[in-house]
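The analysis underlying the following values was restricted to heavy atoms, covering all of them including side chains, and did not include hydrogens, waters or symmetry mates. All of these numbers come straight from a predicted model, not from anything done at the bench.
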Amino acid sequence: MKAQNLLKVPTHVSIIMDGNGRWAKRRGLPRYEGHKEGAKALEKILTFASDLGIQWLSVFAFSTENWKRPKEEIEVIMSLLVEYINTKLDKLLEKNIRLRFMGRLNQLSDETLQSIKEGEEATKECNGMNFVITLNYSGRAEIIDAINKILKDKKESISIDEFKNYLYIPEMPEPDLLIRTSGELRISNYMLWELAYTELYFTDVLWPDFNEEEFLKALYSYQFRERRFGSV
Ligand code: IPE
Ligand code: IPE
Ligand code: MG
């Protein structure tokens, strides 16, 4: 499978990056080693997606439910993220990638929030690919946060199109393709509103083992999907 054989490149690809813990466990390593390796996989996919001309890449990095994990694991994930932002800014700028975050960001630590702001600010003029990291995110939280903003605006009723303006990134197109790694066949509270007509792709590959070839397999599967959006 070659990248040049792709006829339909999706505008927005989203990924539930799952399986870091199992990857580590299979090697007799602590879970955080899986997260470290997962960060490397993300690095590859980010570059590859940008080179393919994908306009939006979003990834599920930490859910509102992931706070149930051991404190040490959460700390590793958050510090990997801060490190990731701090060390990748040059590359994002070079590739003209705009970095954005979505989720209940105000509940994150000051250090994490500071990095997020720096990353967004530094890349805000980039007009190549949009790279969205969803952090302390859940689909239900996003919908409830939207409803609370609507109540604050004292609206009595709202249309579907108006509702979209209250989501975290209103201009973000809905994902065309969702990839979930590690064999789990569920959505786990991810982008519940946005995934209404998204094509789903599941693979058993664990996230740290996911690479350019696996990404192409997902895009290749997308080539043959007939999207009808309720029409005939
Ligand atoms: C995904 O990998 C990363 C996060 C949820 C932060 P997991 O940590 O969920 O890995 P498994 O599912 O336990 O293997
Ligand atoms: C979803 O994975 C969240 C992220 C990938 C960040 P989980 O591993 O948390 O989901 P469940 O618990 O298997 O549903
Ligand atoms: Mg998991």
Side-chain angles (χ1 to χ4, degrees), residues 1-20 22 38 41-63 65 97-103 128-135 137-143 146 160-161 163-165 167-232:
M1 176 62 204
K2 292 243 167 54
Q4 50 270 41
N5 294 344
L6 292 173
L7 296 172
K8 282 198 291 188
V9 176
T11 302
H12 181 178
V13 179
S14 194
I15 309 177
I16 301 179
M17 309 180 290
D18 198 13
N20 293 352
R22 275 162 286 170
L42 178 57
E43 176 72 11
K44 285 186 210 162
I45 298 308
L46 175 72
T47 310
F48 193 54
S50 155
D51 292 347
L52 284 175
I54 287 169
Q55 289 170 37
W56 289 77
L57 176 73
S58 56
V59 296
F60 203 2
F62 193 86
S63 78
E65 288 78 22
I97 297 172
R98 179 168 176 188
L99 176 63
R100 314 178 77 163
F101 290 85
M102 68 180 216
M129 187 171 79
N130 287 278
F131 175 40
V132 181
I133 301 182
T134 63
L135 196 58
Y137 174 87
S138 86
R140 285 183 182 167
E142 182 176 23
I143 291 169
I160 289 174
D161 280 338
F163 184 82
K164 289 183 192 165
N165 294 326
L167 295 172
Y168 291 137
I169 302 181
E171 68 275 28
M172 182 180 81
E174 292 166 13
D176 301 293
L177 175 66
L178 173 75
I179 299 170
R180 182 169 188 154
T181 59
S182 88
E184 308 298 356
L185 306 179
R186 55 178 173 258
I187 298 301
S188 299
N189 206 354
Y190 189 55
M191 293 211 199
L192 296 179
W193 176 275
E194 295 87 338
L195 293 178
Y197 272 103
T198 301
E199 295 295 328
L200 308 177
Y201 178 86
F202 297 100
T203 170
D204 287 338
V205 174
L206 303 174
W207 177 249
D209 292 326
F210 198 81
N211 56 21
E212 293 86 346
E213 196 186 335
E214 296 300 331
F215 191 68
L216 272 182
K217 280 188 202 164
L219 293 185
Y220 193 61
S221 155
Y222 179 79
Q223 305 299 296
F224 301 102
R225 308 285 181 96
E226 190 198 339
R227 303 184 77 186
R228 287 194 288 273
F229 300 98
S231 178
V232 286

Checklist entry - Are the side chains of Leu167 and Glu194 in touch, meaning some heavy atoms are under 4.5 Å apart? => result yes
Checklist outcome for this item: Here the pair of heavy atoms bringing Thr181 nearest to Met17 is OG1-C, 3.9 Å
Checklist outcome for this item: Heavy atoms of Leu195 and Pro175 approach each other most closely as CD2-CG, 4.0 Å
Checklist entry - Going by the angle between their ring planes, with limits at 30° and 60°, are Phe210 and Trp207 parallel, tilted or perpendicular? => result parallel
Checklist entry - What pair of heavy atoms forms the shortest contact from Gly19 to Leu206, and how long is it? => result O-CB, 3.9 Å
Checklist entry - Are Met172 and Arg100 side-chain neighbours, meaning at least one heavy-atom pair lies under 4.5 Å? => result no
Checklist entry - What pairs meet the salt bridge (Lys or Arg N to Asp or Glu O under 4.0 Å) rule with one or both residues in residues 48-58, with sequence neighbours excluded? => result Asp51-Lys95
Checklist entry - Which value, rounded to the nearest 0.5 Å, describes the distance between Leu57 atom CG and Leu42 atom CG? => result 7.5 Å
Item to check | Partner residues of Glu199 under the side chain to side chain contact (heavy atoms under 4.5 Å, CB included) criterion, sequence neighbours left out | outcome: Leu177, Tyr222, Arg225, Arg227
Next on the checklist: Please verify the inter-ring angle class for Tyr197 with Phe229; under 30° counts as parallel, over 60° as perpendicular, anything in between as tilted.
Outcome noted: tilted
Item to check | Minimum heavy-atom distance Arg186-Ile16, with the two atoms named | outcome: O-CD1, 4.3 Å
Next on the checklist: How about CD on Glu213, more than 12 heavy atoms from neighbouring residues, nucleotides or ligands closer than 6.0 Å, or not?
Outcome noted: no
Checklist entry - Could you state the interatomic distance from OG (Ser138) to CD1 (Ile143), rounded to the nearest 0.5 Å? => result 8.5 Å
Checklist entry - Hey, does Met191 have a side-chain heavy atom less than 4.5 Å from the side chain of Glu174? => result no
Checklist outcome for this item: The reported gap from OG1 in Thr47 to CG in Leu52 (rounded to nearest 0.5 angstrom) is 11.0 Å
Checklist entry - So Tyr137 and Tyr168, would you call those rings parallel, tilted or perpendicular, with 30° and 60° as cut-offs? => result perpendicular
Checklist entry - Which pairs count as side chain to side chain donor-acceptor pair (under 3.5 Å) when at least one residue sits in residues 52-62, sequence neighbours excluded? => result His12-Ser58, Ser14-Ser58
Item to check | Minimal non-hydrogen separation, Leu7 against Gln223, with atom names | outcome: N-OE1, 2.9 Å
Next on the checklist: Treating Asn165 as the side-chain partner and Pro170 as the backbone partner, does any N or O pair qualify as donor plus acceptor under 3.5 Å?
Outcome noted: no
Checklist entry - Given side chains that start at C-beta, do those of Phe215 and Thr203 come closer than 4.5 Å, heavy atoms only? => result no
Checklist entry - Which atoms form the tightest heavy-atom contact between Arg22 and Ser182, and what is the distance? => result NH2-OG, 3.0 Å
Checklist entry - How far apart are the C-alpha atoms of Asn211 and Phe48, what are their side-chain angles, what is the distance that settles it, and do they pass the side chain to side chain contact (heavy atoms under 4.5 Å, CB included) test? => result CA-CA 9 Å; Asn211 56 21; Phe48 193 54; over 6 Å; no
Checklist entry - Does Phe62 reach the side chain of Ile133, with side-chain heavy atoms less than 4.5 Å apart? => result no
Next on the checklist: Quick check for you: to the nearest 0.5 Å, what is the distance between Ile179 atom CD1 and Ile45 atom CD1?
Outcome noted: 7.5 Å
Checklist entry - How long is the gap from CG on Leu185 to CZ on Arg180, to the nearest 0.5 Å? => result 8.5 Å
Next on the checklist: Using side-chain heavy atoms (C-beta onward) and a distance below 4.5 Å, is Leu178 in contact with Phe60?
Outcome noted: no
Checklist entry - Is the closest side-chain heavy-atom distance between Leu219 and Val13 below 4.5 Å? => result yes
